[in-house]
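Quick notes on the structure that follows.
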Amino acid sequence: MDRRKFILTGISLGAAASLGSGLAIWGWQHSLAPDSSNRDLVLSALLPALLYGALPEEATLAAAELDRTKIAISDFLPFLPLRQQQELNQLFNLLANRVTQLGLTGHVNTLADLSINQRLQLLNQWHDSYLALLQQAYHGLRELLYGAYYGQSEHWQALAYSAPRFR
């Protein structure tokens, strides 16, 4: 490679990196906006994995439970602090985008295309990750999804829980 080609290659790589980082920053800032379709897409994929074993065996009953849980999550999100809402919206948006999902999960396929075992393995990898960001994503999703599912009174019997009575 001659000197001129080396310099032009360096300039073009620098320009491409600059443009790429600008687009990444723009995309990162716009990923904070809530998008219910992205939230539904991610929840539809991750809820069956997190609630594996707790859902009814019959597919129609399980689908109804998942729908009620998604509604409970949507109803609960506005009560979270704004920062947590933004972080969850960002996580949903990043997991719905194929490029950023590849970076977060290591899978080219969408979350819905992964088997339940692969989704469970992914969540376990996040739990045990050395990256605090992935651990935070795991714990935030787990607490939100478990709270929405087990916050419904019809699931208390399976936990042998009875609500306190206030006089």
Side-chain angles (χ1 to χ4, degrees), residues 23-25 27-163:
L23 288 174
I25 290 170
W28 189 261
Q29 290 171 343
H30 289 284
S31 68
L32 295 173
D35 186 346
S36 61
S37 62
N38 287 345
R39 181 178 62 234
D40 189 52
L41 180 75
V42 172
L43 291 177
S44 295
L46 293 181
L47 270 172
L50 269 173
L51 297 174
Y52 185 73
L55 293 172
E57 294 291 327
E58 187 179 334
T60 56
L61 291 175
E65 293 288 331
L66 292 173
D67 287 339
R68 275 194 302 196
T69 304
K70 284 191 266 186
I71 291 169
I73 290 168
S74 297
D75 292 344
F76 180 70
L77 279 176
F79 294 102
L80 290 173
L82 182 61
R83 180 172 172 85
Q84 289 179 345
Q85 288 179 39
Q86 289 175 337
E87 288 174 351
L88 283 167
N89 288 326
Q90 189 173 41
L91 180 62
F92 293 140
N93 292 339
L94 292 173
L95 285 173
N97 183 326
R98 295 289 290 261
V99 175
T100 52
Q101 181 220 321
L102 174 64
L104 288 171
T105 66
H107 293 281
V108 177
N109 298 338
T110 62
L111 291 174
D113 291 339
L114 299 176
S115 69
I116 293 291
N117 287 334
Q118 288 175 316
R119 294 178 214 173
L120 285 169
Q121 184 181 20
L122 169 70
L123 292 169
N124 287 332
Q125 288 172 349
W126 284 4
H127 178 265
D128 299 332
S129 176
Y130 63 90
L131 294 173
L133 183 66
L134 292 179
Q135 290 178 6
Q136 181 182 2
Y138 169 78
H139 289 294
L141 278 174
R142 187 192 68 180
E143 290 172 14
L144 176 68
L145 302 183
Y146 281 171
Y149 183 77
Y150 289 112
Q152 300 172 36
S153 59
E154 58 268 11
H155 301 126
W156 294 351
Q157 185 178 9
L159 300 172
Y161 174 78
S162 60

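Residue numbers run from 1 in the order of the sequence given. Atom set for the values below is all heavy atoms of this structure, side chains included, hydrogens, waters and symmetry mates excluded.
- Every residue two or more places apart in sequence or in another chain that forms a side chain to side chain contact (heavy atoms under 4.5 Å, CB included) with Asn117 is listed here: Ser115, Leu120.
- The shortest distance between side-chain heavy atoms of Leu141 and Tyr146 does not fall below 4.5 Å.
- In terms of heavy-atom proximity, Arg119 sits nearest to Pro48 at NH1-CG, 4.3 Å.
- Rounding to the nearest 0.5 angstrom, the gap separating the OG1 atom in Thr110 from the CG atom in Leu102 is 12.5 Å.
- In this structure Gln136 satisfies the side-chain hydrogen bond (donor to acceptor under 3.5 Å, both in side chains) test together with Glu87, sequence neighbours excluded.
- Listed by chain and residue number, Tyr138, His139 satisfy the side chain to side chain contact (heavy atoms under 4.5 Å, CB included) test with His127 (two or more places apart in sequence, or in another chain).
- Scanning for side-chain hydrogen bond (donor to acceptor under 3.5 Å, both in side chains) contacts around Asp128 gives an empty result, with sequence neighbours left out.
- The shortest non-hydrogen separation linking Leu94 to Thr100 is O-OG1, 2.5 Å.
- Closest approach of Asn97 to Val99, counting heavy atoms only: OD1-N, 2.9 Å.
- For Ser44, the side-chain hydrogen bond (donor to acceptor under 3.5 Å, both in side chains) partners two or more places apart in sequence, or in a different chain, are Lys70.
- At a threshold of 4.5 Å between non-hydrogen side-chain atoms, the residues Thr69 and Leu145 do not count as touching.
- From Gln121, atom CD reaches atom CG of Asn124 across 8.0 Å, with rounding to the nearest 0.5 Å.
- In this structure, Leu51 CG and Ile116 CD1 are separated by 10.0 Å, a value rounded to the nearest 0.5 Å.
- At distances below 3.5 Å, not a single donor-acceptor pair connects side-chain atoms of Arg39 with backbone N or O atoms of Ser74.
- By the side chain to side chain contact (heavy atoms under 4.5 Å, CB included) test, Ala62 is found to be paired with Leu55, Pro56, residues two or more places apart in sequence or in another chain being considered.
- The ring-ring contact (aromatic ring centres under 6.0 Å, His included) pairs that include a residue from residues 51-81 number zero, where partners must be two or more places apart or lie in different chains.
- Residue pairs meeting the salt bridge (charged side-chain N to carboxylate O under 4.0 Å, His left out) criterion with at least one partner in residues 130-143, sequence neighbours excluded, do not occur; the list is empty.
- Considering only heavy atoms from C-beta on, Asn38 stays 4.5 Å or farther from Asn89 through its side chain.
- For Thr105, the side chain to side chain contact (heavy atoms under 4.5 Å, CB included) test picks out Leu95, Gln101, His107, Leu111, Leu122, Trp126, with sequence neighbours left out.
- The distance from the CG atom of Leu50 to the CG atom of Leu123 is 5.0 Å, given to the nearest 0.5 Å.
- For the atom pair Leu104 CG and Ser129 OG, the distance stands at 10.5 Å (nearest 0.5 Å).
- Contact of the Leu66 side chain with the Tyr149 side chain is not registered, since no non-hydrogen atoms from C-beta on lie closer than 4.5 Å.
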